[in-house]
Every structure is written in C-alpha cells, then in structure tokens.
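Since this is a predicted model, take the numbers as computed values, not measurements. Letters go in sequence order (proteins before strands), and every chain restarts at 1. Just so it is clear, the values below take in all heavy atoms, side chains as well, and ignore hydrogens, waters and symmetry mates.
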2 protein chains.
Amino acid sequence: MELLQTIKKSPLFLTINEETLKDIAKHCRKKKLYKGQELFAAGNNAENFYIILSGWIKLSRISREGEEVIIHVFGHGESFAEAAVFSDKKKYPVYAQSIEDAEVIEIPRSFFIKKIEEDSRFALRLLGSISAHQHYLVQQLEQVTSRTAPQRVGAFLLRFCKKQTESPDGVMVVDLPYDKAIISTRLSIKPETFSRALAKLEPYGVTADKRAITIKSPEALADFCDVDYDEIPCS
Amino acid sequence: MELLQTIKKSPLFLTINEETLKDIAKHCRKKKLYKGQELFAAGNNAENFYIILSGWIKLSRISREGEEVIIHVFGHGESFAEAAVFSDKKKYPVYAQSIEDAEVIEIPRSFFIKKIEEDSRFALRLLGSISAHQHYLVQQLEQVTSRTAPQRVGAFLLRFCKKQTESPDGVMVVDLPYDKAIISTRLSIKPETFSRALAKLEPYGVTADKRAITIKSPEALADFCDVDYDEIPCS
DNA sequence: GCGCCGAGTTGATCCAAATCAAGTGATGTT
DNA sequence: AACATCACTTGATTTGGATCAACTCGGCGC
C-alpha cells in the first residue's frame, strides 16, 4: 500500500510505531490532481496539510498585475502547508497547483491535533518539518538578494536536481525535474535569462542536452555559486 | 517584574495560566546586549530561543564576499530562533546581532520540551509563532522578487513603522524604528537607493524629517505598493 | 507530409538599481 | 570653537536582467 509506505518514510512520522502509522493511514485521504489543477487558493481556510505521493506541487503568490512568484516546489515524499494549518489565522497564504499529474495525501488538522495531544513527538516532528521549510525560505531570500542569475541556476543544479549518473572522476549528469519555465520562475528570473545564465556556466563544465545537464566539475561550480559543497545531496 | 509582564503578553504563552507563567519566568534568563553585540553565530548549536525585552535584534546571513543579507529584524515582545531550536540539525542558520543596546529573555529548548510534554498547547503556540515567521519570509520573497524599491520602502512604512500620530483626515506620521542603513539592507536595497526611493514617494504624500515620516494619503500609498490596506496595523 | 503549437533560444534595446565619488549636515570629542 | 566622524544625500556612470521581437526545433493532430 503505497500511501502507508510514503507515510512510513516521511520525516513527519519518524520514530512513530507501525500500528499508529496504520491508524494514520486510515484517517488520511488520497487526492489525484491533473496538470495545472489548483489544490488550494490563497485565502482559503487551511484545514489540511499534505504529503506528495507523486508529481510536483508548486506554491506561489500572484501580484495584482498577475505576476507569479513561485515560493517553493515540492516533490515525492515531501510535506507542505503545515505552517498554514497551524497558524493563528488558519488560512493558506499561497496558491498550490500541480505542475503535472500528481497525487497527494491529505492530512486533516483536527486529526493531527488529536495525535499531538496523545503524543508530543508528533508536535516535535511537525516543528522539524516547518523548520526545514523556513530554512529553505531563508536560503531563497539570500539567493535572490545576493546571487547573480548564473549563480542561482548553478546552485539549483547542484541542490535540487536528481543525479542520473556520477563517475569516479566526479563528472555528474543531473536531470531537470520539470519545465525550464517553472524552474526560472522559482529562481525569480525570466526564461530568457535562464537560457543565458545556463550558457554562462559552460566555463564551469556545464552543458545541457534537453533536460539532462552534464556537470564536469561540480566543485568548481559549487565554488562559483557560493554553495557549500558539503551541503549537496549525495556528495 | 518586566520579564513576567513580557512573557504574559507574548503570543507564545497565550492561554497559559498565571502560575505556569511564573514558573516559566523562573526558568528563563535575561541577557543584556550592547549595540552591535552578537547573540549567536550561524552554525552555532541552537540551545535557546528568545523573546525581546527591549531594543532590536537583526538576523542575517553573510556571503563569502562579506555582503550582509538581513533576513528579519525583531523588536519588543517578539520571539525569534524557535525554528532553529526545534529543527533536526539544531543549529542556528543565521547570525543574530543587536542593532542598539538590547535585552532579551533566553528560553532553553530542554525546558520548553518538558512544557510541551506536560501540555500540548505549548506546541500549538510555538507552531503559531513559527508560522508567522514563515509567512513573513514568504512576503519578503515576494517583495524582493516582484516589487520595485519605492514600493518596498512604502510597504515598510505602512507595515513596520510605529504610528506617532494619526488625524481624522487620515494623515499619519510614523517613526523609522532604526537607522536607514539597517532598513535599506532589510529591504535588499542599497542606502543610496533607499534615499532615492523615499523621494519618489513624494507624489503619494510622503515627506521625511529625519526619522519622522509624514504620509498624507496612506490609502494611495497602499495602493501604489500593492499592499492590502486591511493588513496595516491599526488601520 | 504539412501545419500548428509549445518550449526554449537568440538578438536588440531599455532601465532600475548598483557602483563609485563627492558633498551636506548633525553629532561627538577635544 | 574647531575638528573629526557618522549618517545620509546627490550626481554621474555602469550593468545585470527585463522587455520585446523573432526565430528554431520537436511533438502532435489531421
């Protein structure tokens, strides 16, 4: 049962025993979304938070002029909207939309509060999760404020792209997770700028073939982007 | 006893009874800081979070080139560093420094975890507080990404400055809380740009006299800055 | 095979903010 | 009173990214 497996692996439920996990699985709902479908709108009452079974969900704000700012993009196994659900106003501050066909687990606040009352570890797990989101936002604010477009693109490649291959000499090939237009909006640059920024990384051994990006020198790229090499997943 | 009064008023301890509040006050430490003193550094073990008794504390990151990015500034009665203390790594991700002579209440994580275990409302209060911080970061990311410098300055005047006076015809005078250099760094613009941006708000009825800013038409300013007028404190 | 559409790229130009430099006025020290 | 320092402002110039336009290429439908 895929839902139970995903719950088991979620950091939200670390250290929780199997019986309780099964009980949780019973109280959660699966929800399927097609590409572009809205899960919730900014201002909606925040009754549920979510864990992703498949696909990608983007959280965004939209200005009065219709300009979209992507705050975060979440993928398989990740949770989101916890902060909104436990905020004082209990309203979603952002729009949630699926980038492609997706499936999410919906966890009701009322149910989770009962769990917290039974066992405070649930609260601590939740705090851990929200803290990770907050850390990400701090990083993004720093990136947008003090890094150039090429640095931001390079940091994205190193931090958020799944490795396809990695050879002993350090050369790696990573996959862009979704359309370049989504990536560029997430990095707060325009698609034309994304193209130019990617091209500017060629001196650091970066070449692109559709969604497959080859990085000949990950450490040089990390240095250029002012990214801690130790922070890169699986490096 | 000022410490107890501040704790009483803190949203972290909303609905907690007087006896428990007194007990909490006993387990917390006061800490005095002089202007420019560092409270904690990025990477330090996060053992305590804080509530401010007096003065201002800024949280910032510093790039390899030494450029400072101010993530947030906190003032009287506000709490900070909760997320770091309850994160998985339990390390501060930012530097904390006092902008001027300040005094803070230090709350140990171990003590607070005991409180959570005794009464889950402590966890819910903490979640509310961290959610508010996260909401602020989302707003900042949106501001930096899609608003011009004058819009950001105007939004700051409306949202974060204490009202000195407000007359029946809507004219208000607000005070800048600290140096313009700190404000400009917080808004991710340079001091020269801050000066020019402030001047550009004159058509919206904004005039400055040292730290006192007169806003003849707050609603027009709110409209220009794409700020919800309803969101402005005490409007 | 052809036409259309979407995703992405490239070229030319513009502009908001940064950078660099110099100046002003208030405050603090001697 | 004189001088130094700090906070801030103003002027001139540069620049990274946006904007606007046009193009390329691959996928899809007929």
Side-chain angles (χ1 to χ4, degrees), chain A residues 35-36 56 58 63 65-70 99-101 141 143-157 175-203 206-213 224-226, chain B residues 35-36 56 58 63 65-70 99-101 142-157 175-203 206-213 224-226:
Chain A
K35 174 174 174 152
W56 298 92
K58 68 178 178 178
S63 76
E65 289 76 37
E67 179 179 5
E68 181 185 34
V69 176
I70 293 184
I99 291 177
E100 59 197 31
D101 287 1
L141 196 52
Q143 284 271 312
V144 166
T145 297
S146 65
R147 302 294 194 274
T148 64
Q151 286 180 311
R152 282 188 257 162
V153 171
F156 181 84
L157 297 180
D175 280 327
L176 297 182
Y178 29 80
D179 288 357
K180 287 178 177 176
I182 303 291
I183 297 174
S184 63
T185 307
R186 176 174 168 174
L187 301 180
S188 304
I189 54 178
K190 300 300 183 185
E192 299 99 318
T193 305
F194 182 89
S195 282
R196 298 189 232 274
L198 197 49
K200 276 188 171 175
L201 298 181
E202 214 172 322
V206 176
T207 53
D209 178 15
K210 294 193 189 318
R211 285 199 184 185
I213 312 292
F224 166 70
C225 300
D226 198 352
Chain B
K35 175 174 172 151
W56 298 93
K58 67 176 178 177
S63 76
E65 289 75 36
E67 179 178 4
E68 183 187 32
V69 176
I70 293 182
I99 291 177
E100 57 195 34
D101 288 1
E142 182 184 24
Q143 284 273 310
V144 167
T145 297
S146 65
R147 302 292 195 276
T148 65
Q151 285 180 311
R152 281 188 258 163
V153 171
F156 181 83
L157 297 180
D175 281 325
L176 297 181
Y178 30 82
D179 288 356
K180 287 180 175 176
I182 302 291
I183 298 174
S184 61
T185 307
R186 178 175 166 173
L187 301 181
S188 304
I189 55 179
K190 300 303 184 184
E192 299 98 318
T193 305
F194 182 90
S195 283
R196 300 192 230 272
L198 196 49
K200 277 189 173 176
L201 298 182
E202 216 174 320
V206 176
T207 54
D209 177 16
K210 293 190 188 331
R211 286 203 185 179
I213 311 290
F224 166 71
C225 301
D226 199 352

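Distance B:Leu198 CG to D:dA7 P: 18 Å, rounded to the nearest Å. For A:Arg211 and D:dG26, the CZ to P distance is 16 Å, given to the nearest whole Å. Regarding A:Ile213, its CD1 atom lies at a distance of 11 Å from the P atom of C:dG8, rounded to whole Å. A:Asp179 has its CG atom 17 Å from the P atom of D:dG26, to the nearest Å. Rounded to whole Å, atom P of D:dA7 lies 15 Å from atom CG of B:Leu176. Protein atom OH of B:Tyr178 is 16 Å distant from nucleotide atom P of D:dA7, rounded to whole Å. The CZ-P distance, from A:Arg147 to D:dT15, rounds to 21 Å in whole Å. Taking atom CD on B:Glu100 and atom C1' on D:dC6, their separation rounds to 16 Å, with Å as the unit.
More than 12 heavy-atom neighbours from other residues, nucleotides or ligands sit within 6.0 angstrom of CD on A:Glu68.
Residue contacts for B:Ala197: at a heavy-atom cut-off of 4.0 Å it reaches no nucleic acid atom on any strand shown. Contacts of B:Ala181 with the nucleic acid, taken as non-hydrogen atoms under 4.0 Å apart, involve only primed sugar atoms and P, OP1 or OP2.
At D:dT9, one or more side-chain N or O atoms of B:Lys180 fall inside 4.0 Å of OP1 or OP2 (strictly under the cut-off).
One N or O on the side chain of A:Gln151 and one on the backbone of A:Phe224 form a donor-acceptor pair closer than 3.5 Å.
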Polar atom pairs between nucleotides 18-22 of chain D and protein, under 3.5 Å, N or O only, would you list them?
| residue | atom | partner | partner atom | Å |
| --- | --- | --- | --- | --- |
| D:dA18 | OP2 | A:Lys190 | N | 3.3 |
| D:dA18 | OP2 | A:Thr193 | OG1 | 2.3 |
| D:dT19 | O4 | A:Arg196 | NH2 | 3.2 |
| D:dC20 | N4 | A:Glu192 | OE2 | 3.0 |

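Listed here is the closest heavy atom pair of A:Pro177 and A:Ile183: CD-CD1, 4.3 Å. Among all heavy-atom pairs drawn from B:Arg147 and B:Arg152, the shortest one is O-NE, 3.3 Å.
Proximity note for A:Lys210 (side chain, C-beta onward) versus D:dG17, D:dG26, C:dA17: the nearest is D:dG26. Minimum atom distance to the side chain of A:Ala149 is reached by D:dG17, of the listed C:dA7, D:dG17, C:dA17.
Residues in residues 188-200 of chain B take part in these side-chain hydrogen bond (donor to acceptor under 3.5 Å, both in side chains) pairs, two or more places apart or across chains: A:Thr145-B:Ser188.
The CG atom of B:Asp179 sits 8.5 Å away from the CD1 atom of B:Ile99 when rounded to the nearest 0.5 Å.
When each of A:Thr148, A:Val144, A:Val153 is tested with A:Ile189 by the rule side-chain contact (heavy atoms from CB on, under 4.5 Å), just one qualifies, namely A:Val153.
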